[in-house]
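Worksheet: one structure, shown below.
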Amino acid sequence: MQPSFILINPWIFDFAAYDLWSKPLGLLYIAGYLRRRGCRVHLIDCLDVHHPQMKTHSDVNHLKRRLYGTGKFWREVVAKPPPLQDIPRPYSRYGLLPEIVEQELKSVSSPSAILVTSLMTYWYPGVREAIRLAKDIHPDVPVILGGIYARLCREHALMRSGADRVVSGQGFESLSAALHEYGIHVSAKSGDAQPTEYPAFDLLTKIDYVCIMTSSGCPFHCQYCASHFLYPEFSRREPGEVLEEIVYWHRGSAVQDFAFYDDALLVAQEHHAGPLLEGLARLDLDLRFHTPNALHVREITGEIARLMRRTGFRTIRLGLETSNMPLHRELDNKVAPGDFEKAMHHLRRAGFGPRDIGAYILIGLPGQSVDSILESIQFVGAQGAVPYLAEYSPIPHTALWKKAVACSGRDLLSEPLFHNNTLLSCWDMPQKKELPRLKRMVSEIRERYRNGKAQGARHKVQGSRR
Ligand code: SF4
């Protein structure tokens, strides 16, 4: 008999969190992989916004959902961990009530192993809590932790997560090796009717949208980004195969909204995004696409902009980061003078308006001046796009990490909670005091262009530029 597994997407503990096409894609891939081999898989998504028991719970308010499947998570204010006591903002656990997760765990008898994923390094309290609960209920079952926190902060995860095993490699091979250590073997037998190993979105209570990854990694080496550490190789799927997956979810599950999780969707587009979008255009389906991870500014050509318009791109986010060109040369070399203006020209000609286009501006980098951010905000506004401030999160294994550690007044090395972008850990107090003014400027531009109805902030993922 094939083994059975509980897979857990833990809670978020943070000052703010929002469901902007946020799904545990890696975990859903693992679920699909295991199920295809005949394993029994029970997914516990602590961030499930449609869980039937939450809806009937008297203590919980109605949850607002917004455009394109996005919206709020369930939320309960909790005590701040001691290192964050000085932050004058409420801290919350986002997701299901713990008693509901407990019931879910109890509903599975004798799983072979419990697999837990992780995302932002500073969300480890949610990971630890999920593992603690899992071990309370299934004390003899090995708990294996993977995901971004596990990979970026391996030593911390080994010491503090409570997991029996921390997987810090990539792909199913690392997981298989960890399972072997516990005598758990997943054979190659095919178990379900899915045509290929798609992520198991059908295990979610409801599919609001599907997240698509057409490539992994990125050919750029921006100093603030961990993409290169997490995905050392830049690899891409066949456009035809991606097209089939999109059609599979649309025709089989009536999904209309798709969020690209790529770090470099448009790079080398003539062999990749170009053929994919041409294929989509030929099928003429009623779809909407979103790019929360940002597109490379210099890859927006007239042709790709037309295809994006034709195929239903609705949320376009550009990775501008700053309008300060010397800073670009120092940090990422991905935007040259005139690139942003050209990209905006192509997008406007294709029919996109300011309501559709947002540009991310990094804020809080070590040594970055407030004035350079003011200029970037004005620049983006003048170009007809909406600026989105993306607070810098210091990330281990990035080129900027040492500088971040050196300039921060907080102990970034031993406490991942200080990586939280809300803290602006690499800025001093006078700089942080300018934040409301910067946010006001952004709001004014957003008001002007978007009538306050558009989708918001940058997708919070430490894997890439965010
Ligand atoms: S920030 Fe973007 S462009 Fe730079 S390395 Fe990361 S994913 Fe690539």
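None of the values given here were measured: they were computed from a predicted structure. As the structure lists them, so they are numbered: ligands from 1, and atoms in each ligand from 1. Atom set for the values below is all heavy atoms of this structure, side chains included, hydrogens, waters and symmetry mates excluded.
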Next on the checklist: Can you give me the closest heavy-atom contact between Arg298 and Asn333, atom names plus distance?
Outcome noted: NH2-O, 3.4 Å

Checklist outcome for this item: In ligand 1, the atoms that come under 4.0 Å of a heavy atom of Cys218 are 3 (S), 5 (S), 7 (S), 8 (Fe)

Next on the checklist: What verdict does the side chain to side chain contact (heavy atoms under 4.5 Å, CB included) test give for Ser118 and Leu145, after you've listed the backbone C-alpha separation in whole Å, the side-chain angles of each residue and the deciding distance to 0.1 Å?
Outcome noted: CA-CA 7 Å; Ser118 60; Leu145 172 66; 4.1 Å; yes

Next on the checklist: Below 4.0 Å, non-hydrogen atoms only: which portion of His228 touches ligand 1? Side chain, backbone, both or neither.
Outcome noted: neither

Item to check | For His296, the ligand 1 atoms whose distance to one of its heavy atoms is below 4.0 Å | outcome: 3 (S)

Checklist entry - What are the two closest non-hydrogen atoms of Asp286 and His250, and how far apart are they? => result O-CE1, 3.9 Å

Item to check | Contact atoms of ligand 1, heavy-atom distance to Cys222 under 4.0 Å | outcome: 1 (S), 3 (S), 4 (Fe), 5 (S)

Checklist entry - With atoms numbered from 1 as shown, which atoms in ligand 1 lie under 4.0 angstrom from a non-hydrogen atom of Asp263? => result 7 (S)

Next on the checklist: Is Cys225 close enough to atom 6 (Fe) of ligand 1 that one of its N, O or S atoms comes in under 2.8 Å?
Outcome noted: yes

Checklist entry - Looking just at side-chain N and O atoms, do Glu415 and Tyr124 make a donor-acceptor pair shorter than 3.5 Å? => result yes

Checklist entry - Taking only residues two or more places apart in sequence, or in another chain, which ones meet Gln170 in a side-chain contact (heavy atoms from CB on, under 4.5 Å)? => result Arg151, Tyr231, Pro232

